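First up is the structure itself, then whatever we jot down about it.
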Amino acid sequence: MRNKYHIAFPQENVDHLHQNEVYFHYWKEDPDEKVKLRFHDYAEIYKEPGLYEQLFYERLKCTSPAKISTLLKNALSQSQENISELRVLDFGAGNGMMGEELKTHGVSRLVGIDIVPEAKEATLRDRPGLYDNYYICDFENIDNKTNQNIKAWNCNCLVTVAALGFGDIPPKAFINAFNMIDNNGWIAFNIKETFLDTKDNTGFSKIIKELIFSEYLDIYNLERYRHRVSVGGVHLYYYAIVGRKNTNVPGDFFST
Ligand SMILES: C[S@@+](CC[C@H](N)C(=O)[O-])C[C@H]1O[C@@H](n2cnc3c(N)ncnc32)[C@H](O)[C@@H]1O
């Protein structure tokens, strides 16, 4: 896609800001019409065709969909399974970057989930037909009907890319999505490296660490890699994690 936007990053060093607080300016032709947005103003970003791709994938060199798809494929081959057999729940699907990557690997079904309606609208606009269905819902408080509809897809793989932590998907919602996947299904996600640090005692980090090293998940691949660069050019490292689900996480998981 040809670059349509001028994107300017702050002059001052903003690497101390949380990832969701970092901002940028963009404009189309007239710099006097520049707009300031934070990285997590997803609704506004998705409204502009190609802006998300230009910002995160071209300027900031995000590699995560390609990395996680490749690790998922490798994990499947350890079990003599084929990616074409996967019915994938893409949780935090955004405008379909991970879905597009998975489709090139030939997955059988793709179901998208996001909490922001503009994510679905952008996907239908820019990648029509990519997902078999795309639901806008809050997995922390999912209603019965949507729950049943999504379960009916019998997904055997959950992917969550660049959507855990930093005020995006909370652990409870992630675990509800995990519990939607068939037993023995595949779980693939990424997380900023600091969340696995033993020194990180935030609730989010603790729950994610407990889940990763629990009996509910068998880890097949865990790799540290460069997710993208920051606006200051610093390399941001994440872990890509691919595993196989054993059983559902019980409701009292959060009180343990
Ligand atoms: C950085 S984008 C990643 C999008 C896509 N996975 C990718 O790799 O390009 C994070 C996405 O997570 C979504 N998100 C945030 N909180 C969510 C929640 N509680 N439930 C579902 N999606 C959520 C956002 O709306 C946004 O589309």
Side-chain angles (χ1 to χ4, degrees), residues 1 18-24 37-72 88-104 107 110-127 130-131 133-143 146-147 150 157-180 187-192 204 207-208 225-231 236 238 240-241:
M1 195 181 292
H18 280 295
Q19 271 172 230
N20 48 347
E21 293 165 340
V22 179
Y23 59 91
F24 67 103
L37 290 179
R38 288 172 311 139
F39 275 14
H40 280 209
D41 289 335
Y42 297 121
E44 295 309 312
I45 295 176
Y46 292 143
K47 278 183 199 162
E48 296 284 12
L51 180 58
Y52 182 84
E53 290 85 337
Q54 199 180 320
L55 176 64
F56 290 109
Y57 287 84
E58 287 168 36
R59 288 290 294 273
L60 300 176
K61 313 278 178 235
C62 178
T63 60
S64 287
K67 168 60 73 181
I68 293 165
S69 311
T70 303
L71 286 193
L72 178 61
V88 182
L89 192 67
D90 183 2
F91 187 36
N95 62 353
M97 299 299 283
M98 182 61 179
E100 192 165 74
E101 187 68 37
L102 287 170
K103 209 66 184 193
T104 65
V107 297
L110 260 181
V111 178
I113 310 282
D114 208 284
I115 202 163
V116 169
E118 288 81 356
K120 178 176 178 179
E121 287 158 21
T123 306
L124 295 175
R125 179 192 64 213
D126 301 336
R127 296 180 177 83
L130 178 63
Y131 290 91
N133 213 333
Y134 195 123
Y135 299 86
I136 296 300
C137 56
D138 178 359
F139 262 43
E140 269 197 304
N141 298 296
I142 191 163
D143 63 90
T146 313
N147 193 37
I150 298 172
C157 178
L158 171 69
V159 296
T160 296
V161 178
L164 279 171
F166 300 110
D168 281 341
I169 295 172
K172 187 174 171 214
F174 184 61
I175 283 171
N176 286 342
F178 181 99
N179 286 348
M180 290 239 179
I187 311 289
F189 60 101
N190 68 344
I191 193 150
K192 197 172 185 202
F204 181 82
I207 288 169
I208 290 297
Y225 71 101
R226 198 194 74 189
H227 161 63
R228 64 170 172 83
V229 293
S230 75
V231 299
L236 301 178
Y238 274 49
I241 297 154

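What you see is a predicted model; the values in this text were computed from it and never measured. All ligand and atom numbering here is 1-based and tracks the order in the structure. Residue numbers count from 1 along this sequence.
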Heteroatom distance test (V116, ligand 1): nitrogen or oxygen, under 3.5 angstrom:
no
Answer yes or no: does an N/O atom from D138 fall short of 3.5 Å to an N/O atom of ligand 1?
no
Who's the nearest protein heavy-atom neighbour of atom 25 (O) of ligand 1, and how far?
D114 OD1, 2.6 Å
Could you tell me whether F166 and F39 have their ring centroids closer than 6.0 angstrom?
no
Quick test: of every protein heavy atom, which one is nearest to atom 22 (N) of ligand 1, and how far off is it to 0.1 Å?
I115 N, 3.4 Å
Taking the side chain as every heavy atom from C-beta outward, state whether L158 and F174 have any pair of such atoms under 4.5 Å apart.
yes
Ligand 1 to Y42 polar contact by distance, N or O atoms, under 3.5 Å
no
Minimum side-chain heavy-atom gap F56-M97 below 4.5 Å
no
Answer whether the closest heavy-atom distance between the side chains of N147 and M180 falls below 4.5 Å.
yes
Is there side-chain contact between L72 and C157, with at least one heavy-atom pair below 4.5 Å?
yes
Atoms in ligand 1 with a heavy atom of A162 nearer than 4.0 Å
1 (C), 2 (S), 3 (C), 10 (C)
Provide, to 0.1 Å, the distance between atom 18 (C) of ligand 1 and the closest protein heavy atom, together with that atom's residue and name.
I169 CG1, 3.5 Å
May I ask you to identify the nearest protein heavy atom to atom 5 (C) of ligand 1, giving residue, atom name and distance to one decimal place in Å?
G92 O, 3.5 Å
Below 4.5 Å, heavy atoms only, C-beta onward: do L55 and F24 meet side chain to side chain?
yes
So if I count the atoms of ligand 1 from 1 in the order they appear, which ones are less than 4.0 Å from some heavy atom of M97?
9 (O)
Which protein heavy atom lies closest to atom 8 (O) of ligand 1, and at what distance to 0.1 Å?
Y57 OH, 3.3 Å
With rounding to the nearest 0.5 angstrom, report the CD to CD1 distance, Q54 to I45.
12.0 Å
Just by distance, with hydrogens left out, do Y46 and T123 show a side-chain donor and acceptor under 3.5 Å apart?
no
Do C137 and I150 come close enough that some side-chain heavy atom pair is under 4.5 Å?
yes
Report yes if some N/O of Y52 lies less than 3.5 Å from some N/O of ligand 1; otherwise report no.
yes
Side chain, backbone, both or neither: which part of M98 has a heavy atom under 4.0 Å from ligand 1?
neither
Heavy-atom gap S64 to ligand 1 smaller than 4.0 Å:
no
For residues G94 and D114, report the shortest heavy-atom separation together with the two atoms involved.
N-OD2, 2.8 Å
For ligand 1, which is the ligand I care about here, please tell me if Y46 has any N or O atom under 3.5 Å from one of the ligand's N or O atoms.
yes
For atom 12 (O) of ligand 1, grab the closest protein heavy atom and report residue, atom and distance to one decimal in Å.
A163 CB, 3.5 Å
Proximity of P170 to ligand 1 by residue part, where a heavy atom lies under 4.0 Å:
side chain
